[in-house]
Amino acid sequence: MAILLAVWFICSYVLGIFLVEPLNGARVGGFPLGFWFAHQGSIYVFVVLILVYAAVMDRLDRRYGVD
Amino acid sequence: MNVQAWTYLIVTATFALYIGIAWWSRVRTTSGFYVAGRGVPAVANGMATGADWMSAASFISMAGLISFMGYTGTIYLMGWTGGYVLLALLLAPYLRKYGKFTTSEFVGDRYYSDAARLVAAGCTIFVSFTYIAGQMRGVGVVFSRFLEVEVHWGVIIGVVIVFFYAVLGGMRGITYTQVAQYCVLIVAFLIPAAAISWKITGNPIPQLGFGGTVQEGQQAGVFLLEALDALHRELRLPEYTAAFVPGKKSMIDVTAIALALMVGTAGLPHVLVRFYTVRSARAARWSALWALVFIGLLYTTAPAVAAFARVNLISTLHNSSYSEVPEWFRSWETTGLISFDDQDGDGVIDMSDGANELTVDQDIMVLANPEIAELPAWVVALVAAGGLAAALSTAAGLLLVIASAISHDIGKSILWKDMSSRRELLLARVTASVAVVVAAYFGISPPGFVAQVVAFAFGLAASSFFPVLVLGIFTRTTTKEGAIAGMSSGILFTGAYIVYFRLIRPEATAEDWLFGISPEGIGAVGMLINFALALIVSRFTKPPPAEVQQLVSEIRLPRERAAEST
């Protein structure tokens with residue numbers, strides 16, 4: 001879970017806010033990269049994070065026979 | 001058929017649908033009333049959470065706000081979605097596992113104190129009322145703009161509908177109407193968005209069209225965002241995609257506001273309670289995923305709509321003659337949402353910084369979108385129905401939270417411990433009815449502070465609830481003294497800072513703010529104070545009783561067992 005929270009922090013704060021200016025120098029398609037992280041990418045990453053978490057916890061639940 | 005006839009038709013049809021669902025899902029037990037009998041499937045709960053969460057502000061105002069803020073709009077995009085990661089990982093499954101009906105109940109039990117329960121219930125009621133007034137107002141505004149009904153009649157019609165399904169159907173009624181409302185609002189948001197994306201960039205998927213190229217006009221072939229930055233330079237405004245430049249918020253402020261909104265989202269009582277309605281902790285995790293998927297659909301579309309609307313607005317109106325403005329400009333001018341003040345008397349609209357002659361309300365970006373994109377009348381009507389769905393669903397969720405805080409947390413748990421569940425259900429229905437009436441009153445004549453306070457409700461939720469819940473779940477040793485000290489100091493600090501800079505010294509600039517953090521973002525600092533104090537005070541007070549420590553271990557299974565075996 002610590003890893004997932006670290007990814008959460010990196011994608012939203014580090015890429016979307018702290019490094020937005022240098023990243024805006026790079027362009028992916030029509031997007032400045034930092035702007036894309038702030039307006040789009042972070043939200044996709046959030047969805048993936050919860051997906052991974054829910055799947056990992058399902059496995060834990062099964063292994064230890066809870067639920 | 002004209003727009004108004006279509007609007008009457010679609011709005012009446014959706015209202016009939018909501019009432020039909022409410023009748024079908026009416027409840028007779030307290031468990032049904034508070035948590036829908038805990039039988040809601042994860043996907044349905046995800047949709048209901050989406051509708052519950054996305055208010056009139058998300059649907060009507062957010063794209064417009066982003067449109068004016070450019071990059072800085074990310075505070076809403078990230079702030080209002082990132083909280084779901086915290087919710088799914090740190091709170092929802094554990095609170096569900098603990099069971100019971102409300103979040104205040106968890107606080108009261110975990111911190112073995114009725115005082116803590118009372119403080120939590122009080123915060124719940126305060127946060128929910130400030131919110132609900134805004135929703136009722138939203139209902140009135142949609143009615144008055146699309147159906148030409150007076151605002152107060154609009155509010156009354158909305159209240160009657162909410163009354164019907166919240167009081168009759170309780171959480172079960174609310175849940176299934178919210179599922180229907182989610183479908184209405186997302187369709188209403190996506191159709192105009194896809195149409196305008198197609199019109200401007202030739203790609204019907206807004207998320208892709210956002211990064212595509214402009215199709216027509218002087219800037220054909222240029223990337224949309226580059227064209228937008230160029231238009232902003234022409235108007236001597238900061239570039240749309242630029243961050244932290246003069247005229248926009250600073251890095252630390254953006255960080256603090258995003259954090260306060262995320263943590264505040266995770267601590268909002270009407271969102272938390274949705275996770276009590278599913279079958280298990282496992283279902284709570286999956287429904288958090290579905291909720292974010294459904295919310296993300298709107299939240300990734302909104303910034304695209306914001307950019308399209310901005311390009312469209314500047315390129316159609318700037319330097320064009322007032323006598324030749326398009327039809328939609330005329331029709332929205334009568335509502336006062338857009339107005340032209342010809343300062344230099346040349347009859348030409350100038351939008352450049354310093355000489356601006358055009359005043360545009362943020363709400364127009366979504367409301368007028370279908371007309372700007374020249375879509376048929378029924379799409380315009382659908383947008384009205386979508387705005388109503390967004391406002392009503394949020395209002396209903398909040399009402400239920402208020403009713404349970406009063407009837408269950410204060411009534412059943414503190415005042416009348418031996419109340420039968422029949423009487424409790426009656427009390428819950430009565431409090432919900434009273435709350436509806438109070439909300440209607442606030443909607444018709446909003447006290448001046450409401451609009452100010454709604455934006456800060458997140459900061460208050462962030463600095464009070466979140467730390468106490470997280471510590472309650474992840475530490476065994478946080479004591480009741482620690483929790484109460486943390487909660488009250490966090491909310492007092494945040495509240496005092498907001499009051500000071502909003503009411504006493506509203507003229508203060510970024511240099512006067514603590515670390516340059518605006519009142520919107522100060523909840524992030526309040527949260528840190530709350531965490532720190534709760535931990536320090538817990539060190540010096542008597543540790544919690546053994547059964548409370550046992551309770552904490554149990555809700556964290558199987559993580560505990562996994563940790564022991566490795």
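Chain identifiers are assigned alphabetically (A, B, ...) following the order of the sequence lines, protein sequences preceding nucleic acid strands; residue numbering begins at 1 within each chain.
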Legend entry - Nearest-0.5 Å distance, OG1 of residue B:Thr81 to OH of residue A:Tyr44: 11.5 Å
Legend entry - Qualifying residues under side-chain contact (heavy atoms from CB on, under 4.5 Å), relative to A:Leu51, sequence neighbours excluded: B:Trp286, B:Leu289
Inset, instruction - Compare every heavy atom of B:Met262 with every heavy atom of A:Phe46, then report the nearest pair and how far apart it is. - result: CZ-CE, 4.1 Å
Legend entry - salt bridge (Lys or Arg N to Asp or Glu O under 4.0 Å) contacts touching residues 283-292 of chain B (sequence neighbours left out): A:Asp58-B:Arg285, A:Asp61-B:Arg285
Inset, instruction - Measure the CD1-OG1 distance between A:Ile43 and B:Thr300 for me, rounded to the nearest 0.5 Å. - result: 6.0 Å
Inset, instruction - Please name the pair of heavy atoms, one in A:Val47 and one in B:Leu292, separated by the smallest distance, quoted to 0.1 Å. - result: N-CD2, 3.7 Å
